[in-house]
2 protein chains.
Amino acid sequence: MAPNFLSRKLRNFMHLDKIDLALLDSVISKTRTVAAHVDLISEGEKPSDVHLVLQGFACRYKILQDGRRQIMAYLVPGDICDLHVFLLDHMDHSLGTLSTCEIVDLPRTVVLELLDRPNIARGLLLSTMVDEGTLREWLVNIGQREAEPRVAHLLCELLARLRSVGLVSDQKYTLPLTQVELADTMGMTPVHMNRVLQSLRRKALISLESNQLTVLNSKRLESEAGWNPNYLHLRKVAAAAAE
Amino acid sequence: MAPNFLSRKLRNFMHLDKIDLALLDSVISKTRTVAAHVDLISEGEKPSDVHLVLQGFACRYKILQDGRRQIMAYLVPGDICDLHVFLLDHMDHSLGTLSTCEIVDLPRTVVLELLDRPNIARGLLLSTMVDEGTLREWLVNIGQREAEPRVAHLLCELLARLRSVGLVSDQKYTLPLTQVELADTMGMTPVHMNRVLQSLRRKALISLESNQLTVLNSKRLESEAGWNPNYLHLRKVAAAAAE
DNA sequence: CGCCCCGTTGAGGAACGTCAATAAGAGTGG
DNA sequence: CCACTCTTATTGACGTTCCTCAACGGGGCG
């Protein structure tokens with residue numbers, strides 16, 4: 001059976017007992033495969049389910065009148081979106097896949113079931129707060145850092161987040177994104193994104209080919225990025241990674 | 001007695017009965033005055049209270065190693081921050097005043113009391129989701145828009161938010177911020193901020209003197225900004241403004 | 001009066017965007 | 001297996017936005 005990325009993630013925050021883990025396993029039993037570049041829900045629609053990503057990359061994004069797109073968050077395996085989304089009567093942004101994904105749709109009743117377990121509830125609320133902290137960090141990143149440290153910061157973040165759910169080995173992870181998508185994430189043009197990646201490669205900080213990203217020199221990459229992982233609130237990273 | 005900006009704000013989202021309103025009034029009875037440019041809580045500290053702003057502007061912000069500052073959110077009268085902040089063991093950003101403020105510190109017990117009232121709870125959760133939506137919109141704003149529409153967008157947002165708590169009349173509101181602070185909000189330099197404001201004035205879209213901002217031509221300002229208020233989820237703006 | 005903060009303005013430079021062309025690879029149908 | 005097409009990555013030349021540095025003026029306040 002595929003690993004339960006949701007419980008992996010929550011265990012970064014809270015201890016989960018057998019009942020919790022069994023519930024989390026049952027919840028992810030009904031997955032569906034979604035092709036790349038498909039919306040899970042679009043701006044303006046009424047939210048129905050909470051979405052959970054078990055494989056692949058999804059994102060939140062918004063499209064402006066002139067066609068420009070801003071990607072505002074990545075959802076990677078274990079990530080859940082908008083616990084309280086049922087309160088809203090329309091989505092103010094869209095949710096879509098970037099790569100092929102395995103998705104679980106959680107209807108309201110199942111979410112309430114999860115929130116009935118105190119430690120799961122605390123874990124989910126903490127995850128939500130971390131998502132918010134991540135969003136703030138992205139704002140800082142785009143608002144204050146120049147292109148190269150900005151991209152370096154994103155790559156550091158993904159290293160930490162994917163490691164926390166066991167998706168990093170040998171400083172390497174799968175980054176199933178095109179340079180256009182990365183550019184739309186970082187608020188820059190694809191051309192400039194390309195040049196920044198070239199530069200990071202030339203400095204031997206990373207390698208990136210066929211969607212495999214390797215951090216060759218994490219110390220220098222982190223210093224270039226001004227990296228500080230405190231906003232991820234990962235207290236038990238090493239333990240979780242070892243499982 | 002000073003108007004209860006918290007109930008004004010929540011009434012944009014939910015109907016509140018007399019008991020709700022009385023509770024909200026009792027909760028804001030013990031305010032304190034905080035001078036401008038004082039931290040309510042700093043990055044790294046352990047959160048103790050939830051903060052509620054009743055007067056003035058406060059903000060969330062982060063300072064980078066090189067001294068650059070990014071302001072990530074404004075808190076205006078009626079705004080409350082981080083309902084669930086007690087879950088975190090350290091702040092990943094700071095909270096400080098921008099102008100002189102009236103602040104209420106809500107200890108955990110009082111927050112729980114508020115959450116016991118279903119409609120207040122829904123209103124508070126909705127506010128939280130709107131805050132998140134606002135943060136996302138700021139990311140879009142900084143990531144995708146050039147300086148002038150970016151600033152225009154901020155001014156439109158403040159017009160809508162302040163109007164929703166009754167702080168706008170004649171398209172005019174108090175904006176107690178320096179150009180340096182506005183620049184740190186928008187991810188640009190104070191010099192450029194100044195030039196953008198000049199340009200908006202020259203086009204007769206706004207006037208801004210001694211902290212009084214007047215929107216002279218909201219239609220054109222909104223079109224310049226690409227303004228779409230859907231992320232504020234304000235369903236009853238007109239009614240609230242009329243009270 | 002003098003100081004400091006804030007707003008304003010100018011000149012020059014760096015970062016990033018735009019436009020355009022080419023290459024390289026993946027999938028498709030013949 | 002090859003021709004074809006489409007997407008993605010790459011590179012160059014050039015333009016624009018925004019930043020940097022610097023100077024000056026005005027108002028509030030001790």
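Below, chains carry the letters A, B, ... as their sequence lines are ordered, and counting in each starts from 1.
In summary, the aromatic rings of B:W138 and B:Y74 are positioned with their centroids under 6.0 Å apart.
Whole-Å rounding puts the A:E209 CD to C:dA26 P distance at 13 Å. Taking atom CD of A:Q212 as the reference point, atom C1' of D:dA9 lies 17 Å away to the nearest angstrom.
Not counting sequence neighbours, B:S48 has no partner by the side-chain hydrogen bond (donor to acceptor under 3.5 Å, both in side chains) test. Applying the ring pair (Phe, Tyr, Trp, His ring centres under 6.0 Å) rule to A:H90 yields the partners B:H233; only residues at least two apart in sequence or on another chain are considered.
Contact check on A:D105 versus A:K30 returns no salt bridge, with no Lys/Arg side-chain nitrogen under 4.0 Å from an Asp/Glu carboxylate oxygen. Salt bridge absent: B:K62 and B:D184 never bring a charged side-chain N and a carboxylate O closer than 4.0 Å.
Annotation: the terminal axes of the helix from C:dC1-D:dG30 to C:dG30-D:dC1 meet at 40°, where each axis is the rotation carrying the C1' atoms of four end pairs onto the next four (5 pairs per end, rounded to 10°).
Using a 4.5 Å cut-off on side-chain heavy atoms (C-beta onward), B:S164 and B:N12 make contact.
Within the structure, the side chain to side chain donor-acceptor pair (under 3.5 Å) test picks out the following pairs touching residues 139-149 of chain B (sequence neighbours left out): A:R68-B:Q144, A:Q70-B:Q144, B:E137-B:R145, B:N141-B:R145, B:R145-B:H153, B:E148-B:S199, B:E148-B:K203.
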What donor-acceptor contacts under 3.5 angstrom involve side-chain atoms of residues 168-175 of chain B, with partners at least two apart or in another chain?
from: B:Q171; atom 1: OE1; to: B:R163; atom 2: NH2; distance (Å): 2.4
from: B:Y173; atom 1: OH; to: B:L155; atom 2: O; distance (Å): 2.9
from: B:T174; atom 1: OG1; to: B:Q212; atom 2: NE2; distance (Å): 3.1

Exercise for the section: Produce a footprint string for nucleotides 10-24 of chain D: one letter per nucleotide, 5' end first; B if the base is under 4.0 Å from any protein heavy atom, S if only the sugar-phosphate is, - if neither. Expected result: BBBB----BSBB---
